K.L.:
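Can you keep this structure in mind? I'll have questions shortly.
As the structure is a prediction and not an experimental result, all values here were calculated from the model. In what follows, every chain begins at residue 1, and chains take the letters A, B, ... in the order their sequences are listed.
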Amino acid sequence: MEKIVIKDEDGNIILKINRENYEKAAILATSYKFTDKAYIFINPMSESIVGVSFKAKEDCKESLSCIVDKFCNELIDEQLRLEVEKEYKDIRNELVKKAFSSIQK
Amino acid sequence: MTSMRYKLLPFRFERFNDNEVFISNEVGEFTFVSNEDFKLLTSHQLDPKSQTFLNLKSKQILTDTEIEPVIEMLATKYRTKKSFLDNFTVLHMVVPTLRCNSNCAYCQVSRKDLNATEYDMTKKTAKRVVGLIFESPSSIIKIEFQGGDPLLNFDIVKYIIEEAEWVNIFKKKELEFVICTNLTLMTDKILKYLRGHRVYISTSLDGPKELHNLNRPLQETKNTYDILIDKIQLCRKYLGQDSVSALMTTSINNLRHLKEVVDEYITQHFCSIFIRSLNPYGFAKRDKKYIGYEINEFIEEYKRVLDYIIEQNLNGKYLVESFAALLLTRILTPFSTGFVDMQSPAGAAISGAIYNYDGNVYVADEARMLASMGDKKFLMGNVHNNTYQELFNSEFVHSLISNSCLEALPMCASCGYQSYCGADPVRNYSEQGDIIGNRPTSELCKKNKAIIKYLLGLIKKNDGGINRVFWAWINRQPELLGST
């Protein structure tokens, strides 16, 4: 089985993410959440794979591999947020529109 | 196989712990579900007869009935939650002078010396300020005198009060005055005047004698505590027991002694305390390495002292922790709670504005604090040069507000605690250099999230005693503490 986590010679970690499973918005949102812990670089590796590289921040007490593990779980949650939002997005828009309809008139 | 037996309604979620997920909807109703039930919920596999399903349905996180009435109901609740927007703008802070006789370690407004009368507001500026305040469409007007210490330019305070009362004969708004003062210059004569005009007093008490004197010495003496306590008694004699409220600021001096601060508030018969961390402005920002601390330290101390305050309440000593009370009202009730420093959209200009001694108008108190450090990023204009429309309906204000809606801010947009939180573009700018801010490194975000999560944990315990304390705080009714 192909490795999805690669460690380079400088100790940085590259996570290979399949675009079929995760949207760009989920990858960006998750990466943003971890910018306090690591320097994060996002690069397409192929048509189907996006590489997310992690370089430890000097003042971060957590190990890089622990950060990457947490990143993977958070990525699932971010993708899930997108999935459920697709279902209720129109309802939310309708709700807010109705709530402020008296102002619009 | 996915079956669409029910429809998901808008909700946000956070992993609360290893086993449970916290779910909240657009109007702040919430519940906790197990990881297993959460998987079932999002894959449309929840059993409609299960307790979890019925709970989520009652909280309007899902529905298996006609959608229109549900949207109607949610829209009504949403409008109620955001009804603080109806009153544009309620809080008008006025700085009659920047002069102050205090020498606080953390002064956030960069106070001026006692003889620096060039930092006093003139009558001409005061008249224009009052005129502009009453152009606000809000039916409620609260004028709060800030400083420096307003008592050092009390003639202008009196002028503004009387001018406002005169204008209000025609405007017929609900008018309220508050004066924020260290009280050291308070006299019987001033109190008689304040009584005649129903002015409330807000002062500062940072703890028992030693701690208070350390944080808030006067320029000519370190012993401000004794003077303050005497003056609080005097104010109560003239204006009544509940006429004076006090605020505290946490510096490194009292961070590890918050229980003693609470005891002092109880001893002095205050009904509320606001455990406030340092704000990154003025001397507090300049001298952070001497009087500041890590935000995580504050969070831990806050939790500890909150437990202590709850314990005191359970022992029959009624004392509200105001920040917790605000959050609990948002978490446990459908009511609207505007709080200029923590609402969405932000309260800057639309809920509160400040008129400096020189007529400059800023979107928030913190904005003029920044200006006193040389950065006028949040200057709306000047009362002598600009009309109300130019000040409050400017492109700048529009842009500031549209960039301070949590619903659209990075990370906040999907945060499960969003309904209880708020945006503070001035704080973001001061701490992080831009009004949007960077959430992963934001101290404010860290603090708010940690405290909200801690309160949710306490609610989740469903402890009869704690619940009584929380409802007594929300309703501001000590009798709800009941027997314990």
K.L.:
Considering residues at least two apart in sequence or located in another chain, which fulfil the side chain to side chain contact (heavy atoms under 4.5 Å, CB included) criterion with B:Phe84?
P.N.:
B:Lys82, B:Ser336, B:Gln343
K.L.:
How would you list, in number order, the residues of residues 434-446 of chain B that have a heavy atom less than 4.5 Å from chain A?
P.N.:
B:Gly437, B:Asn438, B:Arg439, B:Pro440, B:Thr441
K.L.:
Within residues 22-50 of chain A, which residues come under 4.5 Å of chain B, heavy atom to heavy atom?
P.N.:
A:Tyr32, A:Lys33, A:Thr35, A:Asp36
K.L.:
Once you round to the nearest 0.5 Å, how far does NZ of A:Lys98 lie from OG1 of B:Thr76?
P.N.:
9.5 Å
K.L.:
For A:Ala99 versus B:Ala75, what's the shortest heavy-atom pair and its separation?
P.N.:
CB-O, 3.4 Å
K.L.:
Identify the residues of residues 65-95 of chain A whose heavy atoms come closer than 4.5 Å to a heavy atom of chain B, ordered by number, or report 'none'.
P.N.:
A:Asp77, A:Glu78, A:Leu80, A:Arg81, A:Val84, A:Glu87, A:Tyr88, A:Ile91, A:Arg92, A:Glu94, A:Leu95
